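Along the sequence shown, residues are numbered consecutively beginning with 1. Both counts, for ligands and for their atoms, begin at 1 and track the order of listing. No experiment lies behind these values; they were computed from the predicted model shown.
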Amino acid sequence: MSHDGVQGSVLDLVGNTPLVRLRRLTAGLAAQVLVKLEYLNPGGSVKDRAALEMVRAAEAAGLLRPGSTIVEGTSGNTGTGLAQAAAVLGYRCLVVLPNTVAVEKVDVLRAYGAEIVQTRSNLPREHPEHVMNLATRLAAERPGGWLAHQYDNPANPAAHRRTTGPEIWAQTGGRVTHLVSGIGTGGTITGTGAYLKEVSGGRVTVVGADPATSVYHGGDGSPFLVEAAGHYRHPDTAADVWPLSYDPAVVDRIEAIPDRESVLTTRRLAAEEGILVGGSSGLAVAAALRTARGLGADATVVAILPDSGRAYLSKYHSTDWLRRTGFLDGDRPDLLAERIPDRAVVTVTPDTTLRAATELAAEVGDAQPVLPVVLAGRSPRFPTAGSEILGALDVPRLRAGLVPGDPDAAITVPPGAPVTVGTGETVAEALARTAGADVLHVLRDGRLAGVLTRASLTARPLQRS
Ligand code: PMP
């Protein structure tokens, strides 16, 4: 600690991340776009800042003592920041995660010595197993348990007001004109944005980057594939609680970014700028590029890049994953993309009556082999997210009157997990990967774009004229 160049612990390395100018993605733009590389924090993400600030505030308030357990519900990075701080400062750490979090992130938490509890994702906010309800319960049950609660903890935005904002102001010599950030808990955009507005006398414009279906800008709340940013809302959620860490008054404008744009921007950052980051960084840069398009050479747009791409090598940076979810089609022969009709899939919801389903089946006729059953309460503006397909009703059986039940009662959702494939897979790849499945739900951009039967794919190759 007393030697120049030697840090007392890794916690002294949190913050002070570099700002780098984009060179290729900005071709043709007059404005500068600078990115803040938060993956260079010692725990690998922007959440090191909030985690350390929350722990220090809890210590100061006497809420953390030797032997205490830090508990949090998180999609991963806050858990890492907390587990890192716990390892250095001598606390235990228990992290509650949704089961959709990338496996690499879970392994990282285990390596830091954290205890992991996984729960289902896509649950209504009131469900007892919802990440935050489970974390709250476990923190209360455990002697010496302390819930960090990043969603409502004022130390979360305070970390960014104290560190991220002043860093950006100093690094740009006060020339920053626009701040672009994703919104998860809202801590980053709220703290950084509030500081930059204050110090600039209101000159800095704050732009939120939000997945196209996130509710923060009025999306329908259905799932999106960019992890850790945006706000998902289950249709059965009664009261949609927004985090207190997010102050919408700080945000001047929100750019709604489709997953495809976020994912493709994420890949370009690695391939063209040498910046390997996660999907929420691609989201932020996509929004920053949109913002920069309308601006002149005197504008300096700063985007926050929350974490590294290493945690997502099996997702956004995997060609296989991109094909299976329909983000990447390529020009290979016999793709599923060529086999699906160019019109929206007709779906039913669990409250559809058998009579209505039978009438729909008659309408679709031979054009669709099944009627997918999807979650109710979503906007028809967006095709159903792959993870919200609940099952499928057989159209020929419905038409033949072979589905038993009271015509005026709701349909029975057939058991068994629906099988999904992507527009970027070849017919042969999809068939090999889904042996035993009779019905394949085809995703484009992670959302339902068509349904095909195994029989129709194995029967005859597509005739091209
Ligand atoms: N991206 C990633 C990868 C994150 O981990 C987070 C934090 N959960 C965010 C974006 C959003 O940051 P914030 O919670 O400060 O809004």
Distance-only polar pair, side chains of Thr78 and Gln150, donor-acceptor under 3.5 Å: yes
Close N or O approach (Thr188, ligand 1; < 3.5 Å): yes
Ile183 touching ligand 1 at heavy-atom level, < 4.0 angstrom: yes
Distance (rounded to the nearest 0.5 Å) between Leu295 CG and His178 NE2: 4.5 Å
Enumerated ligand 1 atoms positioned under 4.0 Å from heavy atoms of Asp307: 3 (C)
Residue and atom name of the nearest protein heavy atom (relative to atom 5 (O) of ligand 1), distance in Å to one decimal: Asn77 ND2, 2.8 Å
OH-OG distance between Tyr316 and Ser281, expressed to the nearest 0.5 angstrom: 10.0 Å
Taking atom 7 (C) of ligand 1 as the reference point, the nearest protein heavy atom with its distance: Lys47 CD, 3.1 Å
Candidates Asp240, Asn133, Asp236 - the one meeting side chain to side chain contact (heavy atoms under 4.5 Å, CB included) with Arg125: Asn133
Nitrogen or oxygen atoms of Gly186 and ligand 1 under 3.5 Å apart: yes
Polar atom proximity, Thr185 to ligand 1 (N or O, under 3.5 Å): yes
Polar atom proximity, Ser280 to ligand 1 (N or O, under 3.5 Å): yes
Nearest-0.5 Å distance that lies between atom CZ in Arg433 and atom CG in Asp320: 9.0 Å
Gly184 neighbourhood, listing ligand 1 atoms whose heavy-atom distance to it stays under 4.0 Å: 11 (C), 13 (P), 14 (O), 16 (O)
Protein contact of atom 4 (C) of ligand 1 - nearest heavy atom, named by residue and atom, plus distance: Ala228 CB, 3.4 Å
Parallel, tilted or perpendicular, as decided by the 30° and 60° cut-offs, for the rings of His231 and Tyr216: tilted
Aromatic contact, Tyr151 with Trp242 (centres under 6.0 Å): no
Atoms of ligand 1 close to Pro306 [distance to a heavy atom under 4.0 angstrom, numbered from 1]: 1 (N), 2 (C), 3 (C), 10 (C)
Thr163 versus Arg49, side-chain donor and acceptor atoms under 3.5 Å: yes
